[in-house]
Amino acid sequence: MTPMSQWRAGTVQAWLEVVMAMPMYIRTCSENVKSGKVLLGLTDEDLELGLGVSSLMHRRKLRLAIEDYRDAENGRGLSKAADMDHHWVAKAWLSDVGLPQYSQAFHNHLVDGRLLNSLTRRDLERHLNITKTFHQVSLLLGIELLHLLNFDKEALQARRVQCEHQNVDPLVWTSHRVMKWIKDIDLKEFAESLLSSGVHGAVMVLDPTFNIDAMATALGIPSNKHMIRRHLVEEMKTLIGPARADTKQDYEHLGLGTPPPLLRQNSAGRPPSSTGRHTDDEGSLRRRAVKPPTGFSPKTRNGRDLSCHSSNGSLPRDVRDQTPPRSEGSPIHGYTSIEVTNV
């Protein structure tokens with residue numbers, strides 16, 4: 001790959017149109033950006049006033065991409081998130097997390113892998129008009145899963161293939177795979193209730209507030225169906241308990257030290273209490289940048305690749321000031337009661 005610093009004007013324009021899917025900015029780009037070196041030095045103000053990129057999300061997408069290419073010139077290579085274009089995010093990924101109803105909003109904002117990795121609860125609400133708390137949590141935990149897998153689509157798909165016909169590794173289950181499990185445990189009459197609900201494997205494993213009652217509510221199981229709920233309790237304990245313990249070990253294996261609060265509880269029951277103050281504005285959900293220990297390689301369970309390459313780690317000061325920072329702790333900080341609904 002030719003370094004961005006060596007690009008001529010035509011290459012810059014082709015990249016903007018084809019790779020970034022932003023042909024609407026071609027004219028102003030051709031008038032103002034004559035080389036890759038100029039592109040590498042663009043500030044947020046340059047993008048807004050010089051290139052007419054009025055959309056905050058579009059500007060962030062461009063800045064994150066430019067930073068990724070800058071890192072590539074320093075020998076790191078492009079992040080795996082660069083392989084996730086906005087079509088994949090809007091169609092495949094949103095379908096996998098069980099929220100395809102937001103596909104048009106993600107498509108309109110051209111949300112690709114890098115931009116996806118930067119999203120916060122505030123972004124989801126203000127820019128993508130996602131106001132349901134559980135849907136926000138579902139999306140952010142879907143992103144957390146990608147982050148754990150270094151945004152490697154192939155690694156994610158490989159793990160999903162391995163558990164397609166076995167009720168193991170629920171962390172990577174898609175919403176459709178969860179529905180298959182519901183049918184496998186003889187609750188098929190309730191499975192369709194999970195369509196467009198946002199219930200996927202990462203929610204079941206990473207969110208301690210997603211307990212038996214939450215699943216029963218999502219499935220539409222009446223509160224007076226005590227024996228059916230009891231059956232669900234036993235099946236969820238069998239599936240989720242070990243998965244939460246395994247995921248806790250994964251976080252520790254990554255060298256993160258104390259696992260996030262959401263992983264300190266291994267049962268599918270009551271969520272842990274939280275009395276600490278959060279530094280994130282309005283309790284926004286954030287993911288932390290994670291780097292694997294030296295020599296740690298991601299591939300299989302108890303040795304699979306869980307390395308996490310942050311694709312927006314060292315943005316220039318003017319960019320950092322306007323890009324949501326990551327903070328330590330749970331990606332679902334601040335949520336102790338989740339209402340499961342669909343649209």
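Along the sequence shown, residues are numbered consecutively beginning with 1. Basis for what follows: all heavy atoms, side chains included, without hydrogens, waters or symmetry-related copies.
- For the pair M84 and F151, the tightest heavy-atom approach, listed with the atom from each and the gap, is CE-O, 3.1 Å.
- For the residue pair D186 and E189, the shortest heavy atom distance occurs at O-OE1, 4.1 Å.
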Working note: L110 + M57, criterion side chain to side chain contact (heavy atoms under 4.5 Å, CB included); need CA distance, chi angles, decisive distance, verdict. CA-CA 8 Å; L110 303 177; M57 298 292 274; over 6 Å; no

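- Every residue two or more places apart in sequence or in another chain that forms a salt bridge (charged side-chain N to carboxylate O under 4.0 Å, His left out) with K180 is listed here: D184.
- For the pair R114 (side chain) and A81 (backbone), a donor-acceptor distance under 3.5 Å is absent.
- Shown here are the salt bridge (charged side-chain N to carboxylate O under 4.0 Å, His left out) partners of E154, two or more places apart in sequence or in another chain: there are none.
- Under the ring-ring contact (aromatic ring centres under 6.0 Å, His included) criterion, H109 pairs with no residue, sequence neighbours left out.
- Checking Q104 against N108 by side-chain atom types alone, a donor-acceptor pair falls below 3.5 Å.
- Between V97 and G142, the closest heavy-atom pair is CG1-CA, 4.3 Å.
- Heavy atoms only, all atoms of each residue included: L47 and R59 are closest at CD1-O, 3.8 Å.
- Counting heavy atoms from C-beta outward, L219 and I182 have side chains that approach closer than 4.5 Å.
- For D85, there are no salt bridge (charged side-chain N to carboxylate O under 4.0 Å, His left out) partners at least two apart in sequence or on another chain.
- Ion pairing between a basic and an acidic side chain is recognised when a charged N comes within 4.0 Å of a carboxylate O; K153 and D83 show no such pairing.
- Using a 4.5 Å heavy-atom cutoff, the side chains of Y102 and L128 are not in contact.
- The side chain to side chain donor-acceptor pair (under 3.5 Å) search around T28 returns none, not counting sequence neighbours.
- Scanning for side chain to side chain donor-acceptor pair (under 3.5 Å) contacts around H231 gives an empty result, with sequence neighbours left out.
- In this structure, R122 does not pair ionically with E125, as no charged nitrogen and carboxylate oxygen lie closer than 4.0 Å.
- Residues satisfying the side chain to side chain donor-acceptor pair (under 3.5 Å) criterion with S35, sequence neighbours excluded, are absent altogether.
- Scored by the ring-ring contact (aromatic ring centres under 6.0 Å, His included) test, H176 finds no partners at all (sequence neighbours excluded).
- With hydrogens and angles left out, the side-chain atoms of S5 and E73 include a donor and acceptor closer than 3.5 Å.
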Taking only distance into account, with no hydrogens and no angle test, what donor-acceptor pairs under 3.5 Å do side-chain atoms of residues 8-25 form with protein atoms, sequence neighbours excluded?
unit_1: W15; atom_1: NE1; unit_2: Y69; atom_2: OH; d: 3.2
unit_1: Y25; atom_1: OH; unit_2: H58; atom_2: ND1; d: 2.8

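- Under the 4.5 Å side-chain heavy-atom criterion for Ile, Leu, Val, Met, Phe, Trp and Tyr, L40 and V53 are members of the same hydrophobic cluster.
- Listed by chain and residue number, D213 satisfy the salt bridge (charged side-chain N to carboxylate O under 4.0 Å, His left out) test with R229 (two or more places apart in sequence, or in another chain).
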With salt bridge (charged side-chain N to carboxylate O under 4.0 Å, His left out) as the test, would you mind laying out the steps for R60 and D123 before giving the verdict? CA-CA 12 Å; R60 190 193 300 176; D123 293 328; 2.9 Å; yes

Please step through side chain to side chain contact (heavy atoms under 4.5 Å, CB included) for the pair F190 and L232, ending with a clear verdict. CA-CA 12 Å; F190 301 105; L232 181 62; over 6 Å; no

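- For the salt bridge (Lys or Arg N to Asp or Glu O under 4.0 Å) condition, the pairs that include at least one residue of residues 86-102, sequence neighbours left out, are D96-R160.
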Check step by step if side chain to side chain contact (heavy atoms under 4.5 Å, CB included) holds for Q6 and K37. CA-CA 7 Å; Q6 298 178 20; K37 286 183 179 179; over 6 Å; no

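- R70 places no side-chain N or O within 3.5 Å of a backbone atom of M4 that could act as its donor or acceptor partner.
- For R27, the side chain to side chain donor-acceptor pair (under 3.5 Å) partners at least two apart in sequence or on another chain are E31.
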